[in-house]
Amino acid sequence: MSRYNARTVEPKWQKAWEDAQTFLATRDESKPKYYVLEMFPYPSGRIHIGHVRNYTMGDVIARYKSSCGFSVLHPMGWDAFGMPAENAAMASGGHPKDWTYSNIADMRDQMKPLGLSIDWSREFATCDPEYYGQQQALFLDMLEAGLVYRKNATVNWDPVDMTVLANEQVIDGKGWRSGAPVERRDLTQWFFKISDMAEELLDALDGLDNWPEKVKLMQANWIGKSRGLQFSFDLTTPSVGHDEIEVYTTRPDTLMGASFVGISPDHPLSKALEAENAELAAFNAEIRKSGTSEEALERAEKRGFDTGIKVKHPLNPDWELPVWVANFILMDYGTGAIFACPAHDQRDLDFCRKYDLPVIDTFLALDNPKPVENEAFVPPKTEVVKWIDHFAGLDEANGQEAIDTTIDFAEQRGWGNGVTNYRLRDWGLSRQRYWGCPIPVVHCKACGIVPEKKENLPVALPDDVSFDIPGNPLDRHPTWRDTPCPSCGKPARRETDTMDTFVDSSWYFARFTAPRAETPTVMEDAKYWMNVDQYIGGIEHAILHLLYSRFFARAMKITGHLPETAVEPFDALFTQGMVTHEIYLTRDENDRPVYHLPEEIERTDTGARVIATGEPVTIIPSAKMSKSKKNVVDPVDIIDQYGADTARWFVLSDSPPERDVEWTAAGADAAWKFLGRVWRLAADLGDGDDTNAALEKATAQAIHEVTMGIETFGFNKSVAKLYEFANTIQKSKAGPGAKRKAIKVLAQLMSPMTPHLAEEVWAHLDGEGLIANAAWPKADPALLVDDMVTLPIQINGKRRSELQVAKDLPKEEVEKLALADKAVQKALAGAAPKKLIIVPGRIINVVI
RNA sequence: GCGGUCGUGGCGGAAUUGGUAGACGCGCAGCGUUGAGGUCGCUGUUCUGUAACAGGAGUGAGGGUUCGAGUCCCUCCGACCGCACCA
């Protein structure tokens, strides 16, 4: 008996596929197309077992769809711009370009042995000038279409390194390298007008039937549509050129509970007051010494500064409210000014308790009408509450009714307007960094901002740069930066900001349809291949990447680069879970954590211990893989040890694809053993004309269930069914002819998951051609129906017995049989049942 | 802080979407194969209980709806993802 040897078998079939160009995507108008895409990786240099899971899922779909007669596009590329390349250059010299391309080469070498059905002829990296040049062309078209503009925006500034910091580089309000407290700083930056499409991006979510509900919900919340009231508070005395403060509120119904008016430290009034109020200037300066992330702002302790200015309450001119500058008010949302109603907003309440401001209830709960103390009363907008003094005359009403009534009231009397607002802000794309796509514009003293001419694209990054000085090397590059104005020809300066890497990943899926074209896309190809039929990636991209891509697809339609039908570029989305691994932890003498590699520990009856020292180990299960925690599984090691099919089989087993899966050595071993068992089934098999009805029925059921599993992204269920089917074949007493037929189907059903083994089995059993090109098996529907069913009998909801009946036995007959059942007889003890529930084909419940 | 998700045996997980909880795999136990170990094959395996049945308990905790709840609703606890310059 020959042993299955993945090490020789896998490269053999990979070569066979390559020689036959099996996975080359061709635009074949005679066939339906299918576009499978997994989110492309960042070229860190090492593939991760999470990549293996992601790409294997896509590969299963791609191979399956191909077997079903589709012309499949399954491409791969690299999300290759970004900070890690620059960080590497700063840390250890070298050039981001060399670092990136060498990483790509390494990762490609690690990926190819997985045997993925990828059309590698379409591969590109976003840092290829051929790609980002087309991105620059897109940018210019978007600029012309009015989809891009400039405005001021706040960034994290490291005053020591003299550089802009990303949010992740700000740790506890300090720069990660310098340790200096960061400051907020205003810069003029480029923006995409995504907020203009807020309504459209929100509405269109309804049509995305094959997206996870949770992703749509997260996007809807992110867009954050709200209707509220915009109105002004008049200052009692005009101050620094301001005589009113315009506020936006989503709860105008609580206006009688107003306690103060709050403005953002960056509000124009606050900034104007700084000039004459040193104390406020100091306060604002202090507040600006925090990160710009929303999380940092919201979590910061509530702080405020009383400006001394007073405003009049719009409903009662005798009622004066103080104006405070408060750190939790965002200048980006609404008007950058609010009125605070502490009784019905926890943040406002915390603030008022801290600064001893009044708390006024405006409504009370019907069942528990207690005044607010230290917990704001914030009922759902659907809950009916009792109003204390509603100025528009409400008594008992729910929040939504109150809001609507109040807006109408204000509009009728002309002191306020109902306004629809969105939380979604415009997308700032400027980055003060080298390793990104240059923004193709020129700053000319005479002509202002001038787009680069398309024939001059790409505006390529210069290679002769260094990273030994902080800041953007483009900014200080002597020749690249200086360029003649495309309009007047006089000396001018290039824009030295580059684009956010989210731009690169917002249209790569479209580029894959014509990756070598001299325009961003080619309409014929885009029309044939778009949309992506199945997109697969991590849940961490649920909001930004997907929202930006949806925006870009619309922008590309407007600028003529995508057809109208492609404005929602991803027909179906699947978000897969992580691959996790246990962490092995001990503590050193100072109680600091010490992490151990799996090979450094051994299992004991009670847990595990360090082999070298015998020290007991704490095992943390299901942890995200991280180098520093020493729990990373390298796919290259797994492929060396077991082969790609084992790794592929494992990552599809056990966990549902949307959930995390824990990598275990024992699980990998089990996968490997199973593949060996399948090979042995086929290896010594004879031939014959014999048939076997039971095996044929099992085969039909396996085809049905495995296919359903793949169609519904239940790969773990397909895997379980394949185990069962293999067990059935193994235990079957059928002759070699019948078994041969069953095993060939088994190989086909396994081929999307373990393609190398499947080819080997197929070839061994004299299958025709490559299994990759064989048509997907079809189940005989007649073999899928059972004539008899087993009905469980419950007594008072507890299973007590069961009944074998013909599938179509009339209800009355089932009833008779159920009541005649021994367990039922015993429980009834001669009495009649209170109720008898019979769900045909499902269950019987006798209520006593 | 805000938004979203998840929680089932010793472990990973299944459950036709409100109808037999624990499929399938790991681990463990017993038996067989093997010179031994591993491999391989067979049998068993939620807990409790029993000689064996019977019986009882059971899906993070508590409550509710229902003939019937892992699944629906409410409260709480824990873990994870995102928060606009990480990709």
Side-chain angles (χ1 to χ4, degrees), chain A residues 1 3 39 41-42 44 79 81-84 153 155-156 164-170 189 212-215 217-218 220-222 224 292-300 302 328 332 346-347 350 423-433 500-502 504-505 538-545 547-548 575 577-578 580 621-622 624 653-656 658-664 666-667 669-671 673-674 676-677 680 708 714 716-717 719-724 727 730-731 790-794 796-802 833-837 839 841-848:
Chain A
M1 185 195 283
R3 215 176 148 96
M39 291 178 184
Y42 179 80
S44 62
D79 190 12
F81 274 135
M83 295 201 307
V155 295
N156 298 307
V164 175
L165 297 177
N167 282 334
E168 70 158 11
Q169 297 173 321
V170 179
Q189 310 214 52
E213 285 303 320
K214 63 175 170 183
V215 173
L217 189 59
M218 283 159 88
N221 287 337
W222 185 262
T292 57
S293 79
E294 189 171 310
E295 187 189 359
L297 299 180
E298 296 242 358
R299 283 210 206 205
K302 309 280 169 289
F328 63 91
D332 286 322
Q346 192 61 44
R347 283 179 306 183
D350 294 344
R423 207 182 76 94
L424 180 67
R425 312 198 292 257
D426 277 334
W427 170 12
L429 68 117
S430 298
R431 297 291 180 271
Q432 295 70 40
R433 300 182 205 289
D500 178 8
T501 56
F502 270 123
D504 312 333
S505 55
I539 185 71
E540 65 273 21
H541 295 292
I543 298 176
L544 291 179
H545 163 62
L547 192 63
Y548 290 159
T575 53
M578 290 184 301
T580 61
S622 302
K624 186 175 179 169
S653 306
D654 293 352
S655 261
E658 67 274 18
R659 289 246 287 257
D660 293 350
V661 63
E662 176 145 354
W663 182 276
T664 62
D669 227 44
K673 283 182 193 171
F674 175 70
R677 193 145 64 88
R680 281 194 303 279
M708 286 294 288
N716 57 324
K717 291 182 226 166
V719 165
K721 189 64 206 175
L722 285 164
Y723 269 110
E724 219 173 276
N727 289 342
Q730 189 167 349
K731 288 182 179 139
T790 305
L791 291 181
I793 301 178
Q794 294 183 337
N796 288 340
K798 292 226 168 236
R799 184 186 169 282
R800 288 291 182 240
S801 184
E802 62 182 34
K834 223 184 257 175
K835 207 166 176 183
L836 186 62
I837 288 136
V839 184
R842 279 282 161 79
I843 205 162
I844 301 161
N845 192 7
V846 187
V847 185
I848 294 169

[atom1] spacing across the pair [N] / [M], given as an integer number of angstrom:
{"N": "U20(B)", "M": "G25(B)", "atom1": "C1'", "result": "22 Å"}
{"N": "U33(B)", "M": "G41(B)", "atom1": "C1'", "result": "7 Å"}
{"N": "C11(B)", "M": "U16(B)", "atom1": "C1'", "result": "26 Å"}
{"N": "G64(B)", "M": "G7(B)", "atom1": "P", "result": "23 Å"}
{"N": "G9(B)", "M": "A15(B)", "atom1": "C1'", "result": "15 Å"}
{"N": "C6(B)", "M": "U59(B)", "atom1": "C1'", "result": "14 Å"}

* Dot-bracket summary - RNA chain B, pairs being Watson-Crick or G-U whose distances fall under 3.5 Å, with | when paired to another strand -> (((((((..(((......[....)))((((((.......))))))(((......)))..(((((..]....))))))))))))....

Holding to side-chain hydrogen bond (donor to acceptor under 3.5 Å, both in side chains), I want the full list of residues that pass it with [X], two or more places apart in sequence or in another chain.
{"X": "S655(A)", "answer": "none"}
{"X": "Y42(A)", "answer": "none"}
{"X": "E295(A)", "answer": "R299(A)"}

Any side-chain N or O of [X] under 4.0 Å from OP1/OP2 of [N]?
{"X": "S655(A)", "N": "G13(B)", "value": "yes"}
{"X": "N167(A)", "N": "C83(B)", "value": "no"}
{"X": "Q169(A)", "N": "C85(B)", "value": "no"}
{"X": "S293(A)", "N": "C83(B)", "value": "no"}
{"X": "R431(A)", "N": "C85(B)", "value": "yes"}

* Asked: Who are the salt bridge (charged side-chain N to carboxylate O under 4.0 Å, His left out) partners of E540(A), not counting sequence neighbours?
  -> none

* Is it true that R423(A) and E294(A) have a side-chain N and a carboxylate O under 4.0 angstrom from each other? -> yes

* Between D332(A) and R425(A), does at least one N-O distance fall below 4.0 Å, as a salt bridge requires? -> yes

At under 4.0 Å between heavy atoms, what does [X] touch on the DNA or RNA strands: base, sugar-phosphate, or nothing?
{"X": "G676(A)", "answer": "nothing"}
{"X": "K673(A)", "answer": "sugar-phosphate"}
{"X": "F674(A)", "answer": "nothing"}
{"X": "P41(A)", "answer": "nothing"}

* **Of V155(A) and R659(A), the one whose closest RNA chain B nucleotide lies more 5'** => R659(A)

* Structure fact -> Assert: residue with more 5' nearest nucleotide on RNA chain B, out of V215(A) and I539(A), is V215(A)

Which protein N or O atoms sit under 3.5 Å from an N or O of nucleotides 18-25 of chain B?
unit_1	atom_1	unit_2	atom_2	d
U20(B)	O2	R799(A)	NE	2.7
G25(B)	OP1	N727(A)	ND2	3.2

* To do: Confirm from the modelled atom types if Q432(A) and C85(B) form a donor-acceptor pair under 3.5 Å, side chain to base only.
  => yes

